[in-house]
Amino acid sequence: MDYQFKDIEKKWQRFWADHQTFKTEDETTKPKYYVLDMFPYPSGAGLHVGHPLGYIASDIFARYKRLKGFNVLHPMGYDSFGLPAEQYAIQTGQHPAITTEANIATYRRQLDQLGFSFDWSREVRTSSPDYYKWTQWIFMQLFNSWYNNDSDKAESIAKLVENFEQNGSAGINAVCDDEVSTFTADEWKALGNHDQQAELLKYRLTYLRESTVNWCPALGTVLANDEVKDGFSERGGYPVEQKKMMQWSMRITAYADRLLKGLDTIDWPEPLKEMQRNWIGKSVGASVRFTIDDLRFTNDENYIEVFTTRADTIFGATFLVLAPEHELVATLTTSEQKAAINAYIAQAKKKSELERMADAKTVSGAFTGSYAINPVNGEKIPIWIADYVLAGYGTGAVMAVPSGDQRDYLFAKHYNLPIIPIIDIQNIETEADPTKDGRYINSDFINGLTYKEATAAVVAKLEEMGAGKAKVNFRMRDAIFGRQRYWGEPVPVYFIGDLPYLIDEKDLPLVLPEVDKYLPTESGEPPLARAVDWKYRTRKSEIGSQKSDLEGANAGKAYEYELSTMPGWAGSSWYWYRYMDAHNDKEFASKQAIEYWKAVDLYIGGSEHATGHLLYSRFWNKFLKDMNLVVEEEPFKKLINQGMIQGRSNFVYRLIDEIGRGTNTFISHGLIREYRTSPLHVDVNIVENDVLNLDKFKKFRPDFADAEFILEKGKYYCGHEVEKMSKSKFNVVNPDDLIERYGADTLRMYEMFLGPLEQSKPWNTNGIEGVFKFLRKFWRLFHDETMKFNVSDDEPTKAELKSLHKIIHKVEEDVERFSFNTSVSSFMIAVNELTDLKCNKRAILQEMVVILSPYAPHICEELWTMLGNEAGTLSYTPYPKFNPAYLIEDEFAYPVSINGKTKMNLNISLSLDAPAIEAAVLASGDVQKYLDGKAPKKVIVVKGRIVNIVI
RNA sequence: GCUCAGAUGGUGGAACUGGUAGACACGCAGGACUUAAAAUCCUGUUCCCGUAAACGGAGUGCGGGUUCGAUUCCCGCUCUGAGUACCA
């Protein structure tokens with residue numbers, strides 16, 4: 001029988017499902033290996049050919065590891081909360097759960113078709129209450145924790161309370177809000193429960209605070225920074241504005257340093273680590289207090305604090321600049337300057353983020369009229385405001401050193417402020433010079449010192465004066481953790497007055513209530529406000545840690561729940577643990593499961609999650625580690641980014657008539673220079689190797705039914721271009737179509753054959769034939785001319801064994817370094833060789849089946865059983881053992897170069913050593929011809945490699 | 001602007017530690033089989049000169065360097081893609 005991929009693939013997909021071939025046990029006899037894919041959001045559009053790229057790679061790796069004797073965890077699930085389902089619900093009134101369910105069914109069908117070896121018994125869905133129960137539970141742990149800088153880890157709030165009760169706020173070194181109170185133990189105890197809770201909220205790892213948020217009116221929700229692009233929402237492209245709002249936040253900044261340090265311990269692509277480093281944005285410097293030269297300010301508030309990374313340049317500081325939003329601006333502004341300052345603030349406020357960015361080159365600012373004192377030299381320097389200083393970074397104020405900082409330089413030039421050189425080699429004629437080389441001048445006690453010495457000396461002096469101290473600043477902000485949306489996890493919190501309280505653990509999961517519409521209420525409250533009688537009722541018998549508020553008059557009352565839901569990244573920040581123990585209803589995963597599987601050994605996914613999912617996941621993981629709930633500091637040991645698959649669009653060229661109208665005549669791409677044409681996207685699915693299928697084109701759109709063509713060599717050639725893959729560009733290729741035509745094994749191998757996994761590349765179906773032909777050729781090795789199964793038990797020859805062992809070794813090497821494209825080529829070479837050798841020996845072919853099975857599992861399962869093996873055993877059979885003895889050659893065709901240019905090959909025994917090889921080469925007639933009687937200047941011989949003769 | 005990645009035939013790409021550049025595949029051209037088409041198979045295919053071959057020359061974005069030898073290492077530049085954006 002010929003290679004019937006359709007029957008074969010259906011048969012084995014069913015077999016794997018029926019026999020649960022890939023169900024993973026949490027056993028400990030084999031070494032474990034955890035291969036994870038980034039789980040998809042099940043969108044309505046289904047998979048396109050770009051999505052499976054990473055899944056195919058991870059599946060090959062997982063299958064390979066099984067053959068190598070590992071107990072492999074290779075699960076899949078769905079990140080099923082999200083905006084598109086909700087948008088659809090708003091438009092149609094359909095409950096997002098229903099849409100989501102339907103989309104998941106499509107995804108599942110498409111994934112199954114590709115023959116993945118997922119253990120579906122462990123499937124997770126972030127939108128399922130069994131799952132989000134634990135997302136809520138983790139939220140509660142965060143609420144009940146604070147970050148202790150002294151132990152450098154998160155600890156229980158109870159411990160903090162204990163400390164307050166014994167010592168007050170003294171000795172607490174926490175990551176917390178800026179405005180925490182100081183109090184004694186007695187003062188603490190004297191506080192009412194309300195005030196105590198309000199104070200504790202400033203320490204909790206998830207907390208409420210008024211924050212400036214990215215409010216998107218069109219979506220009716222708040223967006224995270226990474227969901228906003230250039231002032232517009234990433235999804236939908238709606239305008240985003242800044243708005244103040246009470247929001248849940250996550251104190252991720254507590255982990256900034258650990259998130260940074262951890263990067264050095266994990267095997268991730270360098271660019272991705274770099275992106276996280278930039279995002280965290282650690283800068284080491286100093287905070288410096290500049291006294292305000294104004295008697296109106298009281299003694300303990302008479303300073304402006306700035307952050308600088310160049311404390312060494314402080315003698316060059318000739319003015320201060322505050323952000324227009326800085327809280328001191330109003331008080332600093334003198335009456336003469338009031339008009340100018342107000343005008344400037346008004347103008348700055350009007351400018352959108354986008355305009356501010358485009359305007360980066362223009363210098364603008366205003367003088368407050370006030371002065372400050374430079375602490376190191378007592379100089380009186382003016383205080384300005386300008387929008388190049390950002391309120392959200394550092395202290396929202398800078399000391400301007402125009403000789404060393406280009407923005408300060410431009411500002412000083414524009415407003416005629418002094419520029420003082422502070423380093424002897426500094427050249428500041430046309431621009432600032434931020435050099436750190438040379439020696440200091442005009443700088444009093446650091447004159448003559450080097451950069452390192454000067455920085456230390458200045459910081460020491462400032463500390464001594466009480467005017468500053470060394471400080472580390474981070475660019476990263478606490479992450480906002482709330483959406484005014486319906487389709488997300490409810491926050492397990494209710495309110496008594498203005499204070500949030502956790503619901504009882506027994507009441508988890510807090511299930512998403514039904515609502516009549518998925519829109520905000522008329523008064524602007526989130527959709528959850530529409531739920532009827534959705535209130536938390538406390539029970540006196542089940543009161544928790546914050547008990548005093550639930551007792552007495554409050555017991556049994558109904559309280560408002562938090563109405564916002566969790567953001568998209570909540571459910572994906574811990575899901576890899578759920579796969580370890582997906583059905584546990586006592587814990588998010590059992591201790592044994594976590595201790596066995598530990599962390600993800602290989603994680604494959606796109607780099608677009610670099611600063612979102614991958615950062616938040618590391619944060620939650622570190623927190624869970626601090627709580628002793630998990631065992632590893634880093635969740636993903638090795639990570640690979642699969643490249644993006646871009647679209648490759650095809651174009652037809654419509655002839656334009658004299659008056660500029662499009663006609664119904666189309667010009668082949670090679671001829672368009674001779675005509676006036678306009679390009680038109682054409683569906684790539686009716687184009688093959690850039691040749692248009694004319695009949696299908698006529699059916700593509702009704703107005704093309706009577707299209708005419710000007711052809712080249714009888715064919716219509718299309719033009720092409722690389723663009724984003726999108727429906728509107730008609731360049732979306734659906735894997736279903738390709739599977740229908742060539743089968744999943746061909747598609748799997750072709751996606752790998754396209755090029756290195758990590759490289760972005762345009763999808764191009766040209767060439768898939770080659771892979772398909774390869775599989776047929778492989779099939780034919782097992783069959784005679786009449787397509788009858790025919791395998792012999794004869795002893796293999798030396799040449800056959802050599803081919804086999806070459807590929808055994810090559811595939812091992814390739815898979816270990818994730819170079820899947822090169823192993824596909826090598827398979828082709830091996831099959832070409834075995835075809836030439838007319839090899840049908842079981843001893844060779846059975847091993848070939850095992851080696852190829854991770855790549856093309858269906859055809860291999862079929863051949864495996866045809867060879868007489870038990871069905872389903874292929875996935876767990878041992879990988880063939882490489883024997884280098886079969887590759888040993890006794891002769892090598894040495895390339896002989898003259899002056900580095902290869903001229904010929906000479907067969908020489910590999911047993912000869914260098915001098916003997918040299919003699920043999922020089923004796924050769926062909927070499928003599930080049931030497932022309934002269935002696936060579938030099939002869940380089942690398943045994944087994946090359947001979948180079950220098951003349 | 002900054003950071004990172006990349007540039008090899010008509011196309012996707014290979015060459016892993018400096019050692020035969022262009023493996024493998026697509027496409028194209030020619031041929032076999034066929035009434036024909038499809039499928040399959042065979043041959044050729046970096047470019048230039050020689051218009052058959054041998055042979056010769058050039059060649060991995062550009063310009064230099066190190067080396068017996070460079071796609072690979074170093075310096076400078078150009079272009080493409082991604083991320084980031086006044087971060088003090």
Side-chain angles (χ1 to χ4, degrees), chain A residues 2 230 269-275 277-279 281-283 285 306-310 313 321 323 353 356-357 359-361 363 386-390 392-401 404-408 410-411 473-476 607-608 610-611 641 643-644 646 648 689-691 713 720 722 750 753-756 758-771 773-774 776-777 780 810 813-814 817 819 821-830 832 893-905 936-942 944-951:
Chain A
D2 205 351
D230 305 333
E270 203 45 53
L272 198 125
K273 289 199 207 178
E274 199 59 31
M275 277 162 75
R277 285 192 194 104
N278 289 338
W279 190 263
K282 179 178 183 175
S283 30
V306 305
F307 175 74
T308 177
T309 52
R310 292 294 303 271
T313 64
V321 189
E353 195 95 338
R356 248 170 103 150
M357 253 155 27
D359 238 17
K361 300 274 133 47
V363 176
D387 64 4
Y388 79 83
V389 176
L390 305 175
Y393 184 75
T395 59
V398 303
M399 63 175 209
V401 182
D405 183 285
Q406 185 60 16
R407 291 154 311 172
D408 297 345
L410 289 172
F411 197 82
N473 212 14
F474 291 95
R475 194 185 80 114
M476 186 168 66
S607 60
E608 65 272 21
T611 52
N641 288 131
M644 253 206 334
Q646 295 141 314
R648 185 185 190 271
N689 284 317
D690 290 337
V691 176
K713 298 178 224 163
H720 63 88
V722 174
Y750 183 61
F753 188 60
L754 271 179
E758 301 184 67
Q759 221 168 74
S760 286
K761 54 222 156 211
W763 176 266
N764 187 347
T765 309
N766 299 355
I768 195 170
E769 293 275 352
V771 174
K773 276 190 219 163
F774 155 76
R776 294 180 54 160
K777 219 166 161 180
R780 233 174 289 133
K810 174 75 175 155
E813 278 184 341
D814 285 350
R817 66 191 170 107
S819 174
N821 56 324
T822 48
S823 29
V824 177
S825 300
S826 306
F827 279 126
M828 291 174 171
I829 295 169
N832 287 346
Y894 278 89
V896 177
S897 324
I898 310 288
N899 293 334
K901 284 272 170 203
T902 310
K903 297 293 179 188
M904 73 199 89
N905 287 313
K937 272 199 196 125
K938 197 170 177 184
V939 180
I940 291 101
V941 177
V942 183
R945 287 261 179 195
I946 199 168
V947 177
N948 189 14
I949 300 168
V950 186
I951 300 177

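Residue numbering restarts at 1 for every chain, and letters A, B, ... go by the order of the sequence lines.
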Checklist entry - Which letters describe nucleotides 38-49 of chain B, given B = protein heavy atom under 4.0 Å from base, S = only from sugar-phosphate, - = neither? => result -SS---------

Checklist entry - Using a cut-off of 4.0 Å between protein heavy atoms and nucleotide atoms, how would you tag nucleotides 10-15 of chain B 5' to 3' with B, S and -? => result --BSSS

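Under the salt bridge (Lys or Arg N to Asp or Glu O under 4.0 Å) criterion, A:Lys773 pairs with no residue, sequence neighbours left out. Under the side chain to side chain donor-acceptor pair (under 3.5 Å) criterion, A:Lys777 pairs with A:Asn832, not counting sequence neighbours. Under the ring-ring contact (aromatic ring centres under 6.0 Å, His included) criterion, A:Phe753 pairs with no residue at all, not counting sequence neighbours. By the salt bridge (Lys or Arg N to Asp or Glu O under 4.0 Å) test, A:Asp814 is found to be paired with A:Lys810, A:Arg817, residues two or more places apart in sequence or in another chain being considered. Applying the side chain to side chain donor-acceptor pair (under 3.5 Å) criterion to A:Asn948, with sequence neighbours excluded, gives no partner residue. Qualifying salt bridge (Lys or Arg N to Asp or Glu O under 4.0 Å) partners for A:Glu274, counting only residues two or more places apart in sequence or in other chains: A:Arg277. For A:Phe827, the ring-ring contact (aromatic ring centres under 6.0 Å, His included) partners at least two apart in sequence or on another chain are A:Tyr855. Partners of A:Tyr750 under the side chain to side chain donor-acceptor pair (under 3.5 Å) rule, at least two apart in sequence or in another chain, do not exist in this structure.
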Below 3.5 Å is the cut-off: list the nitrogen or oxygen pairs between protein and nucleotides 55-58 of chain B, distance only.
unit_1, atom_1, unit_2, atom_2, d
B:rG56, OP1, A:Tyr930, OH, 3.1

Could you list the protein-to-nucleotides 65-71 of chain B atom pairs, N/O on both sides, closer than 3.5 Å?
unit_1, atom_1, unit_2, atom_2, d
B:rC68, O2', A:Asn948, ND2, 3.2
B:rC68, O2, A:Asn948, ND2, 2.7

